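Let me begin by presenting the structure, written as C-alpha cells, before commenting on it.
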Amino acid sequence: MNKEESVDIEGESLVGGSNDHVGYRKKTSRMHMILYAVSVASLLLGLSFVREAYAKSYKMNNLNTDHVNGEVSLVCPRSIDRSDNDKNDMVEWYDELKIEKEALNDVDELEVDEDLGMPKSVYPMNMTEDQIHQLKNSTYDGSGWTYYEFKDVMFDWKSRYGKLLESGSTIFESACGIGMNLIMTADVLQESANITDLKVYGIEYRPSSTADANNLLGQLLQGTGNASLGDPICRGDATDLFFVPSNSFDLAFTGYIDPIQDPINLQDDLGREVRWKDLCEGPGKPTENGKLDQAAVEEWYAKWVTELIRIAKPGKVIAIEQVSLPTCDDKYDWGGVTKGWWNHAVVKYGWDIDIFSFAMEDIYSDLQNNRYNVYMEKKKF
C-alpha cells in the first residue's frame, strides 16, 4: 500500500499523505498517555485499598481476636523451655530463702501438688486479717523490703500509670513473683486515681512462686473491688511470652528484670566464681570480658522489654521498675543497663513506642539507691 491509499482505522478515514499520518500519530499518542494515566491511577487506588484492607486485617488479627468481651484469655503452656538465666541453682537458692525467711507456713521443704506437678504454696489458704498484715510486713521475692515499705517508695511512680488507665482496664506483670507487686499496683491506682475493677494477669518462672501468686492474688484481691485475677498466673519465661496475645493490655510492666548470671560462661573458663575484677578494671571501665558480658546483659533486657511492648495495647503503658546499672557502674548490684541505653535500644530493636513518652526516675530510698524506673507508651495505630 502506498501513501496515497485510503485506510479506515477505527471508523476514521485517513487519506494518505505525511501530514495526515503525523496527525494520526499525535492522536494515538494522546490516547496512549490518557490510558497510561488511567492505569496508574487505578493501580494506585488498588494499592490503597489493599493497604487499607491489610491494615484492617492486621488490627483484627493482632488486636481483637485474642479478646473475649473486652477481656484477655490466656491458656498456660503445659511446659516451657529452660530460661537462659536459670543456672547456678538460682531457683533452688530462692526456694530455700523463701522457706527460711519468707513463708508464713511452718515448712521445712516445698510440698508438691501431684495433680498439677508443681509445688504447693508456702502461704496459708484462707488467711486471716492478722496473717495478711504479717505478710505485708514481711520481706518477699528475695528483696530486702516489705510491701508497706516499698509501697511508700513507689506510690508516686505507680500513680503515673493511671493517666492512661480506667476502671476495668487490664494489667499484666512479667515475672510477678508471689504477686505482691501486682496487688500493690492495684492498690495505688485505686488510692491515687479511684481506678477499680482491674483485671490482673501475669507470669512467673519459678514454680513455687507461681503457686504462691495464684494463692495470694486469689485471696488478697477477693472482695476489695480494686482488682480481680483475670486468669491464673502462668509459669512462663519473660523473654518468650509465646502464649500471650499481642496488643492486649492497658498496662504491661515488670517489677524487676531478673539478672542473667554469667551470660558468657566465664566461670567455666576460670574454674571458679566470676569476680568483679574479672569484668571491670575499675568503676565504669569494663575489661574485654566485661564488654562481652554487658552486651549479653543488654540483649537479655531487650528480650524482656520487646515482649512487654508487643503485648501492650497501642497507645498504652509499658513500665520497667527497678532497673539496675551495669556491673561496672555498681559493683554491689546484679547488673543492668545505663539510662542512655534506652534511646539506642529503640532504634536497634525497632521498638514501636512513642519516643516522646519516655520518662525515667531514680529510686531514692534507703532500700535501694542506684536503681531507676522507666516509663514509655506504645505508639497508636
Side-chain angles (χ1 to χ4, degrees), residues 63-64 66-74 132 135-136 140 146-204 213-214 216-233 244-256 308-322 353-354 356-361 363 373-381:
L63 183 61
N64 294 329
D66 294 314
H67 292 256
V68 179
N69 297 325
E71 297 181 6
V72 184
S73 179
L74 296 186
I132 293 174
L135 170 65
K136 292 185 175 182
Y140 61 94
T146 70
Y147 169 91
Y148 292 121
E149 289 171 337
F150 203 56
K151 183 181 176 185
D152 286 341
V153 172
M154 295 293 289
F155 189 92
D156 290 343
W157 175 261
K158 286 179 178 291
S159 298
R160 181 191 299 259
Y161 307 158
K163 71 175 186 177
L164 291 178
L165 301 181
E166 59 186 12
S167 292
S169 290
T170 54
I171 67 175
F172 179 100
E173 184 178 12
S174 189
C176 68
I178 66 171
M180 297 304 291
N181 196 40
L182 269 171
I183 294 168
M184 182 189 304
T185 303
D187 287 347
V188 170
L189 291 171
Q190 190 278 324
E191 294 170 23
S192 64
N194 197 31
I195 294 174
T196 60
D197 299 320
L198 294 169
K199 294 293 184 183
V200 303
Y201 301 80
I203 63 100
E204 168 57 32
N214 281 302
L216 295 178
L217 287 166
Q219 290 191 67
L220 273 63
L221 293 178
Q222 187 176 14
T224 64
N226 293 357
S228 60
L229 195 56
D231 276 314
I233 301 299
V244 181
S246 302
N247 305 310
S248 295
F249 300 99
D250 299 292
L251 167 63
F253 73 112
T254 183
Y256 179 57
L308 288 174
I309 294 170
R310 179 183 66 80
I311 66 175
K313 290 179 181 178
K316 296 299 185 177
V317 180
I318 303 103
I320 302 89
E321 300 172 349
Q322 300 188 78
I353 66 164
D354 177 2
F356 297 107
S357 68
F358 252 123
M360 299 183 194
E361 183 177 279
I363 300 175
N373 300 318
V374 177
Y375 173 100
M376 60 186 89
E377 296 168 11
K378 191 170 180 176
K379 285 181 181 177
K380 299 178 180 179
F381 276 126

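Please read these numbers as outputs of a predicted model, since none were measured by experiment.
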>> Rounded to the nearest 0.5 Å, what separates atom CG in Asp152 from atom OG1 in Thr146?
In response: 8.5 Å
>> A side-chain contact here means heavy atoms from C-beta on lying under 4.5 Å apart; do Cys176 and Ile233 qualify?
In response: yes
>> Among residues at least two apart in sequence or on other chains, which ones pass side chain to side chain contact (heavy atoms under 4.5 Å, CB included) with Ser159?
In response: Phe155, Val188, Ser192
>> Please enumerate all residues that pass side-chain hydrogen bond (donor to acceptor under 3.5 Å, both in side chains) together with Thr196, with sequence neighbours excluded.
In response: Ser167
>> Using the rule given for side-chain hydrogen bond (donor to acceptor under 3.5 Å, both in side chains), can you reason through Lys199 versus Ser228, listing the C-alpha separation, both sets of side-chain angles and the distance that settles it, and then say yes or no?
In response: CA-CA 5 Å; Lys199 294 293 184 183; Ser228 60; 3.1 Å; yes
> Pairs in or reaching into residues 156-170: which pass salt bridge (Lys or Arg N to Asp or Glu O under 4.0 Å), with residues at least two apart or in two chains?
Replying inline: Lys158-Glu321, Arg160-Glu361, Lys163-Glu377
>> Using side-chain heavy atoms (C-beta onward) and a distance below 4.5 Å, is Thr185 in contact with Leu198?
In response: no
> Residues two or more places apart in sequence or in another chain: which of them pass ring-ring contact (aromatic ring centres under 6.0 Å, His included) with Phe253?
Replying inline: none
> Going by the angle between their ring planes, with limits at 30° and 60°, are Phe249 and Phe172 parallel, tilted or perpendicular?
Replying inline: tilted
>> side-chain contact (heavy atoms from CB on, under 4.5 Å), that's the test. Do Leu217 and Ile183 meet it? Break it down for me.
In response: CA-CA 7 Å; Leu217 287 166; Ile183 294 168; 3.5 Å; yes
>> Quick one, Pro232 and Leu74 - any side-chain contact, counting heavy atoms below 4.5 Å?
In response: no
> What's the spacing between Met376 CE and Ile320 CD1 if we round to 0.5 Å?
Replying inline: 4.0 Å
>> Holding to side-chain hydrogen bond (donor to acceptor under 3.5 Å, both in side chains), I want the full list of residues that pass it with Asn226, two or more places apart in sequence or in another chain.
In response: Asp187
>> Test of understanding: with ring-ring contact (aromatic ring centres under 6.0 Å, His included), list the residues that count as partners of Tyr148, not counting sequence neighbours.
In response: His133
> Out of curiosity, Leu165 CG to Lys316 NZ, how far, rounded to the nearest 0.5 Å?
Replying inline: 6.5 Å
